[in-house]
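Computed over heavy atoms, backbone and side chain alike; hydrogens, waters and symmetry mates excluded. Position 1 is the first residue of the sequence; numbering continues from there.
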Amino acid sequence: MRNPRNEPLTVDNDGAGDAPVRKCILTGDRAARDTLVRLALGPEGQVLPDVRAKAPGRGAWIGVPRAELEAALAKGRLKAALARAFKTGAFTLPADLSALIAAQLERQLLDRLGLEAKSGHVVIGHERIDKAARSGRLHLLLHAADAGADGSRKLDQAWRVGSDAEGSELRGLAIPLGRAILSVALGRENVVHVGITDPGAAGRLRAALDRWLHYIGPELLSAACETSSQGATALATGQRREMPSDAVENF
C-alpha cells in the first residue's frame with residue numbers, strides 16, 4: 001500500500017521495525033497504519049473515508065469504534081480534531097460518515113475474500129472443509145452468522161482433530177455476515193462456511209476482518225451473531241449488513 005502524499009512515514013520505535021504507524025486524532029493513541037481508518041480531504045472540501053489509504057492529499061486517522069466516532073461527531077469533537085489535522089475548517093462532514101466507513105471496511109473484507117478465492121486459497125462446502133481440516137491444511141475457518149449450530153460444531157471439531165488440538169478452544173469464527181452475502185462475494189450458491197488453506201491468506205483475511213470488527217464494535221457484533229452457532233468467539237483468542245458503498249476510493 002503506497003503512502004499518500006503529504007504524509008511522511010512514522011517509524012514504530014517499539015520493535016515493529018519500519019512498519020508505518022499513525023496517531024488517532026481523537027484519542028492520541030498510536031497504532032499500525034493498517035489497523036486505523038484514514039479520512040481524506042477531497043478537492044471540494046468533503047471529508048470521506050479512504051480505508052485503502054490511496055487518496056492523495058491530506059489525511060487524518062481514527063482508531064475508535066463506530067459508537068465512539070458517532071459520539072465525537074455529535075459533540076463536535078471530530079470536526080475540531082479534523083480542523084487541527086487538516087489545518088483548515090473549510091470542509092464538510094457527511095451525516096452518514098460512520099456508515100460509509102463501515103460499508104467500506106466490509107467491502108474491503110469481501111474483496112479480500114474474493115481475491116483469496118481466485119488464488120485458490122479458499123475451500124467451501126462442508127465435506128471439502130472437513131477434509132482440509134482433518135488433513136491439517138486449514139488455517140482459518142469462518143461461519144456465516146446464520147450457519148447451523150450442528151454444522152459449525154462438526155467443522156470446529158474436525159479442525160481441532162487435524163490441528164492436534166482436541167480439548168482446546170480452537171474453533172471457527174462466526175462473523176456478522178449471512179450466507180447470502182458470502183455467496184455473492186464468492187460467486188457461489190449457499191456459502192455457509194469458509195475455510196482458508198494458506199497461512200498468508202489467513203493472515204490477510206484476519207487483518208481485514210479484525211479491522212472491521214473493531215470498528216463496528218462488540219454491541220453490533222453480538223447483535224448480528226446472536227443466532228449463529230458459536231457466537232463471535234475468535235480462533236485461538238478471539239450489524240447488520242451495511243449498504244455497500246464505493247464512496248471515495250479515490251477522489
Handout entry: Heavy-atom closest contact (A40 atom, A55 atom, distance)
Key = CB-CB, 4.1 Å
Handout entry: Any donor-acceptor N or O pair under 3.5 Å, side chains Q104, R107
Key = no
Exercise for the section: Give a yes or no on whether the backbone of A31 and the side-chain of T35 come within a donor-acceptor separation of less than 3.5 Å. Expected result: no
Exercise for the section: Would you please test R204 and D198 for side chain to side chain contact (heavy atoms under 4.5 Å, CB included) and show each step? Expected result: CA-CA 10 Å; R204 291 186 291 270; D198 177 79; 4.1 Å; yes
Handout entry: SB check R171 E169 (cutoff 4.0 Å)
Key = yes
Problem - Rounded distance (nearest 0.5 Å) linking atom CG of L26 with atom CD of E68 - result: 8.5 Å
Handout entry: Distance in Å, L110 CG paired with L209 CG, rounded so as to fall on 0.5 Å steps
Key = 10.0 Å
Practice task
Would you mind reporting whether W159 and L170 have side-chain heavy atoms less than 4.5 Å apart?
Solution key: yes
Handout entry: Nearest heavy atoms of Y215 and V64, plus distance in Å
Key = CD1-O, 3.7 Å
Practice task
Taking S163 for its side chain and R160 for its backbone only, find out whether a donor-acceptor pair lies under 3.5 Å.
Solution key: no
Handout entry: V192 vs D146 side-chain heavy atoms within contact, under 4.5 Å
Key = no
Exercise for the section: Might you point out which heavy atoms bring R66 and A102 nearest each other, and give the distance in Å? Expected result: NH1-CB, 3.8 Å
Handout entry: Any side-chain heavy-atom pair of S152 and L141 under 4.5 Å
Key = no
Exercise for the section: For residues V122 and E116, determine if any side-chain heavy atom of one lies less than 4.5 Å from a side-chain heavy atom of the other. Expected result: yes
Fill in the blank from the handout: Shortest non-hydrogen pair, A83 vs G89, comes out as CB-CA, 4.4 Å
Exercise for the section: Indicate yes or no: at least one non-hydrogen side-chain atom of L155 is less than 4.5 angstrom from one of H126. Expected result: yes
Problem - Nearest non-hydrogen partners of L73 and A95, listed with the distance - result: CD2-O, 4.5 Å
Problem - D150 and K154 ion-paired at < 4.0 Å - result: yes
Completion exercise
Distance col, row I175:CD1 vs L182:CG, nearest 0.5 angstrom, shows 5.0 Å
Practice task
Please step through salt bridge (Lys or Arg N to Asp or Glu O under 4.0 Å) for the pair R134 and D130, ending with a clear verdict.
Solution key: CA-CA 6 Å; R134 292 182 183 278; D130 183 89; 3.1 Å; yes
Handout entry: Donor-acceptor contact present, side-chain S183 to main-chain N190, <3.5 Å
Key = yes
Exercise for the section: Flag yes if L138 and V161 sit in one hydrophobic cluster, no otherwise; membership is Ile, Leu, Val, Met, Phe, Trp, Tyr, and two members link when side-chain heavy atoms are under 4.5 Å apart. Expected result: no
Practice task
Please answer whether the main-chain N or O of A201 pairs with a side-chain N or O of H139 as donor and acceptor at a distance below 3.5 Å.
Solution key: no
Practice task
Decide yes or no on side chain to side chain contact (heavy atoms under 4.5 Å, CB included) for L140 and R206, but give the supporting numbers first.
Solution key: CA-CA 8 Å; L140 179 64; R206 275 309 303 263; 3.6 Å; yes
Completion exercise
d(H143 NE2, H193 NE2) to nearest 0.5 Å is 6.5 Å
Exercise for the section: Start with the C-alpha gap between D156 and R153, add the side-chain angles, then the distance that decides, and say whether salt bridge (Lys or Arg N to Asp or Glu O under 4.0 Å) holds. Expected result: CA-CA 5 Å; D156 290 344; R153 185 170 55 251; over 6 Å; no
Practice task
Answer yes or no: is there a side-chain heavy-atom contact under 4.5 Å between P49 and R38?
Solution key: no
Problem - Donor on one side chain, acceptor on other, E70 and S98, under 3.5 Å - result: yes
Handout entry: R211 side-chain N/O to L36 backbone N/O, donor-acceptor pair under 3.5 Å
Key = yes
Exercise for the section: Start with the C-alpha distance between V194 and L205, add both sets of side-chain angles, then the distance that settles side chain to side chain contact (heavy atoms under 4.5 Å, CB included), and finish with yes or no. Expected result: CA-CA 11 Å; V194 178; L205 274 168; over 6 Å; no
Problem - Distance (rounded to the nearest 0.5 Å) between I62 CD1 and L97 CG - result: 6.5 Å
Exercise for the section: Measure from the side-chain N and O atoms of T88 to the backbone N and O of A90, and report whether any donor-acceptor pair falls under 3.5 Å. Expected result: yes
Practice task
Nearest 0.5 Å please: distance from the CZ atom of R33 over to the CH2 atom of W61.
Solution key: 5.0 Å
Exercise for the section: Flag the pair L48 / L39 as yes when at least one side-chain heavy-atom distance between them is below 4.5 Å, and no otherwise. Expected result: no
Exercise for the section: Begin from the C-alpha positions of R52 and D111 and carry the test salt bridge (Lys or Arg N to Asp or Glu O under 4.0 Å) through to its verdict. Expected result: CA-CA 12 Å; R52 300 182 193 274; D111 286 349; 2.9 Å; yes
Exercise for the section: Tell me, with the steps shown, if L82 and L93 meet side chain to side chain contact (heavy atoms under 4.5 Å, CB included). Expected result: CA-CA 10 Å; L82 286 171; L93 286 170; 3.5 Å; yes
Handout entry: NZ/NE/NH1/NH2 to OD/OE distance under 4.0 Å, D29 and R22
Key = no
Handout entry: Contact check, side chains of L105 and I216, non-hydrogen atoms, under 4.5 Å
Key = no
Completion exercise
Closest heavy-atom pair, P176 versus W212, reported as atoms and distance to 0.1 Å, is CG-CH2, 3.6 Å
